[in-house]
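Report on one structure; see the data block that follows.
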Amino acid sequence: MPLLTLLLVEDSEPDATRVLRALTDVGHQVEATRVDTAEALVAELSRGRWDVAIADYTLKTMSGERALAIVREHAGDLPFIFVSGTGGEDVAVEAMRIGAQDYIMKDSLDRLAPAIERELREAEARRERRRHSERVAYLAYHDELTDLPNRTLLNDRLHQGILAAKRDGRPLSLMALDLDGFKEINDSLGHHAGDRVLQLVAARLRTALRESDTVARLGGDEFAVLLLGTDAAGAELAATKILQELEAPMLVEGRPLFVSASVGIAVFPEHGSGEHELLQKADISMYVAKNDRSGFSVYAADRDGRAEQRLALVSAMWYGLEREQFSLDYQPIVDLRTDKISALEALIRWNHPVHGRLPPDQFIQIAEHSGLVTQLTTFAINRALSEWPCGSHGLMVAVNLSPRSLHDGTFPGRVRELIATERLEPSCLALEITENVIMSDPERAVRHLRELHEMGVKLVMDDFGTGYSSLAYLRRLPVSQLKIDRSFIAGLTDGEDEALVRSIIDLAHNLKLEVVAEGVDSAAVCERLRMLGCDMAQGHFISAPGPAAEIVTRVMERAGSRPEAV
């Protein structure tokens, strides 16, 4: 048994010996200290941590109630048990009412050890509940990984700082900081290494700044720094110190890693008078610093207007996803051998409340740069599978895949979950990739594509012929189709690009791949492709994109069946 530290409030040496023997006889190792005055009791409580206090109810120097009150005042919820030679049931009830855990008669000391063991368990349970409650309260205002203040606490301190700055007529600076190269660490070494880097960055930020400055983690690899009583020049000096502090390599899992940062600075009152406005301006200037690779940047309205518009568009996209402003149109792909629709390409649309229905070329690039494209891709796959379950019409639906999504190590697993949720065969889904997506990180792209292929998802090489060095990887990629870019199809009728189109078709067939021609806008082009042996085609001549309810009618008409609702 573990050592039991016992504080014994007893004025009788023989009774104290009997109490100790009752515990040691059943195997307890006891380290006991006996006191018999209020002053001695207070002194011992302040001197050390005790497991349990046992007191005689009828002391000559003080009452048992007084002993209990002293323990509760100085040692909170320390288990307290009365041991007495007098008193009946009424006394025991009163003792429990005023806060004792138990009341044991001296002629029943065989009950003492079980009572102490029970109270020790309950005391530990109380301490654990208190620790949990304190931890929950702490995490409401702090980041669990780095122990830095979180966004909630930063906003509160920023609000208080602005009030103080207004009152005292002093400046205040806010810095937004984003790590450069952090995603590559996460993707290549795993989230454990990424988490360790964030912890090391947090420690270095605290080292570089004053104790009065607030360093907060906003989420991911985004941090913020609140500098009280600091103008733009002081903030620039602090940003320089931060960047210098991050220059040295970080040793993670035995290997040195290099992480830099981009810092944006906004100053009160020049750049804003409220918390939200300052945070937004700091974010904008951080975005400028990242694009310029300048390390840090102070907000300038005449220079950063375009960045502000881009940031506003990103915020609007987040809002649009939450409010279900995005939808899908579908463009049929026809099998040139049967003239029936064999597949559909899903095309995302943004039903903007002000600007109307926007095609992807008006927002997808900004979504890619901001990282929001991953959420858009997940939305598109989920919506396509739910709106067009291929089991009902025998069709495959294709969704365009962005570089950021393809290089995300969690993406294949997310696709698996979406397919399982809809209870569909993986072959119902095709993912379209471009040559440039592959070439930005070939090894990782091939690894993730093989994982998708192995689960049964179809893979399509989109816009073939417009990239570079794709043939070196084409044999390694588990694709089942090539889509010839529309720029080559446009010149087919005058014979200008016929040799190139024929070569691509022959190459694909030699590699056991099907060929889809994009941008087919006339009967003459469609017929020429059929003569060249092209397998499938899509374009406005065949069908313009449209919502699922409209496209299903075209599918059924080409199949010679009565249209049904999707």
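Note that the coordinates shown come from a computational prediction; the quantities given were computed from them, not determined experimentally.
- Here the options are Val9, Ile54, Leu68, the test is side-chain contact (heavy atoms from CB on, under 4.5 Å), and the partner is Phe82; only Leu68 passes.
- Counting only N and O atoms by type, the side chains of Tyr330 and Glu387 include a donor and acceptor under 3.5 Å apart.
- Annotation for Pro545 and Leu347: closest pair CG-CD1, 3.7 Å, computed over non-hydrogen atoms.
- Between the CZ atom of Phe296 and the CG atom of Leu177 there is a distance of 12.5 Å, given to the nearest 0.5 Å.
- With salt bridges taken as basic N to acidic carboxylate O contacts below 4.0 Å, none links Lys166 and Asp168.
- Between the side chain of Trp50 and the backbone N or O of Glu44, at least one donor-acceptor pair lies under 3.5 Å.
- Side-chain contact between Glu422 and Ile419 is absent, with no heavy-atom pair separated by less than 4.5 Å.
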Derivation and outcome, side-chain contact (heavy atoms from CB on, under 4.5 Å), residues Met286 and Lys290 | CA-CA 6 Å; Met286 181 272 292; Lys290 187 176 287 287; 4.1 Å; yes
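- The list of side-chain hydrogen bond (donor to acceptor under 3.5 Å, both in side chains) pairs with a residue in residues 217-230, not counting sequence neighbours, reads Asp143-Arg217, Arg210-Thr230.
- A side-chain donor from one of Asp51 and Thr5 sits under 3.5 Å from a side-chain acceptor of the other.
- Ion pairing of Glu245 with Lys241 is absent here, as no side-chain N (NZ or NE/NH1/NH2) approaches a carboxylate O to less than 4.0 Å.
- With hydrogens and angles left out, the side-chain atoms of Asn351 and Ser327 include a donor and acceptor closer than 3.5 Å.
- When side chains are defined from C-beta on, Leu431 does not count as touching Val460, because their heavy atoms never get closer than 4.5 Å.
- The heavy-atom pair separating Ala398 from Glu432 by the smallest distance is CB-OE2, 3.5 Å.
- Atom CD in Gln362 sits 9.5 Å away from atom NE2 in His355 (nearest 0.5 Å).
- Between Thr377 and Phe411, the closest side-chain pair of non-hydrogen atoms falls below 4.5 Å.
- Taken to the nearest 0.5 Å, the CD1 atom of Ile185 stands 11.5 Å off from the CG atom of Asp195.
- Nearest heavy-atom pair across Pro353 and Gln325 is CD-OE1, 3.6 Å.
- Counting heavy atoms of neighbouring residues, nucleotides and ligands inside a 6.0 Å radius, atom CZ of Phe379 exceeds 12 of them.
- Tyr287 and Tyr299 have their aromatic ring centers separated by at least 6.0 angstrom.
- Interatomic distance, Ser285 OG to Ile265 CD1, rounded to the nearest 0.5 Å: 7.0 Å.
- Crowding of Glu324 atom CD: a count of heavy atoms from other residues, nucleotides or ligands under 6.0 Å not exceeding 12.
- Glu247 and Arg204 are not joined by a salt bridge, as no carboxylate oxygen comes within less than 4.0 angstrom of a charged side-chain nitrogen.
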Query raised in the report: Can you check salt bridge (charged side-chain N to carboxylate O under 4.0 Å, His left out) on Glu124 and Arg127, steps first, answer last?
Result: CA-CA 5 Å; Glu124 178 57 32; Arg127 285 192 292 269; 3.1 Å; yes
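- Using a 4.5 Å heavy-atom cutoff, the side chains of Leu246 and Met250 are in contact.
- With rounding to the nearest 0.5 Å, the separation of CZ in Arg206 from CG in Asp147 is 7.0 Å.
- In His453, the NE2 atom is not crowded: 12 or fewer heavy atoms of neighbouring residues, nucleotides or ligands sit closer than 6.0 Å.
- Ion pairing of Asp77 with Arg72 is absent here, as no side-chain N (NZ or NE/NH1/NH2) approaches a carboxylate O to less than 4.0 Å.
- At a threshold of 4.0 Å, the pair Glu417-Arg414 does not count as salt-bridged, since none of the basic side-chain nitrogens sits closer than that to a carboxylate oxygen.
- Few gaps surround NE2 on His74; more than 12 heavy atoms of other groups in view lie less than 6.0 Å from it.
- No hydrogens or angles considered: nothing links the side chains of Asn150 and Glu144 as a donor-acceptor pair under 3.5 Å.
- Between Arg357 and Asp329 there is a salt bridge, since a side-chain N of the basic residue sits under 4.0 Å from a carboxylate O of the acidic one.
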Step by step, would you call Leu4 with Leu120 a side-chain contact (heavy atoms from CB on, under 4.5 Å)? CA-CA 10 Å; Leu4 177 66; Leu120 290 177; 3.9 Å; yes
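- A salt bridge links Arg131 with Glu128: the distance from a Lys NZ or Arg NE/NH1/NH2 to an Asp or Glu carboxylate oxygen falls below 4.0 Å.
- Annotation: side chain of Leu376 is in contact with side chain of Phe363 (closest heavy-atom distance under 4.5 Å).
- Checking Gln160 against Arg157 by side-chain atom types alone, no donor-acceptor pair falls below 3.5 Å.
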**Message:** Determine whether Leu154 and Leu226 satisfy the following criterion, side-chain contact (heavy atoms from CB on, under 4.5 Å), listing intermediate values before the conclusion.
**Reply:** CA-CA 8 Å; Leu154 173 72; Leu226 173 60; 4.2 Å; yes
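- Residues Leu174 and Lys281 have side chains not in contact (no heavy-atom distance under 4.5 Å, counting atoms from C-beta outward).
- Here Thr214 contributes atom OG1 and Leu209 contributes atom CG; the two are 10.0 Å apart, rounded to the nearest 0.5 Å.
- In terms of heavy-atom proximity, Arg383 sits nearest to Phe326 at NH1-O, 4.0 Å.
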Set out, in order, the CA-CA distance, both residues' side-chain angles and the distance that settles side-chain contact (heavy atoms from CB on, under 4.5 Å) for Leu279 and Leu158, then state yes or no.
CA-CA 10 Å; Leu279 279 167; Leu158 180 55; 4.3 Å; yes
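- When all heavy atoms of Glu275 and Ile162 are compared, the closest pair comes out as N-CD1, 3.7 Å.
- His159 places no side-chain N or O within donor-acceptor distance of the main-chain N or O of Asn155, the cut-off being under 3.5 Å.
- The two residues Pro360 and Arg349 have their closest heavy-atom pair at CD-NH1, 3.3 Å.
- In this structure a side-chain-to-backbone donor-acceptor pair under 3.5 Å is present from Gln199 to Leu145.
- Side-chain contact annotation: His28 with Glu117, donor-acceptor N/O pair under 3.5 Å present.
- Side chains of Arg118 and Asp102 form a contact here, defined as non-hydrogen atoms less than 4.5 Å apart.
- Contact check for Leu429 versus Val415: side-chain heavy atoms found under the 4.5 Å cut-off.
- With hydrogens and angles left out, the side-chain atoms of Thr61 and Asp36 include no donor and acceptor closer than 3.5 Å.
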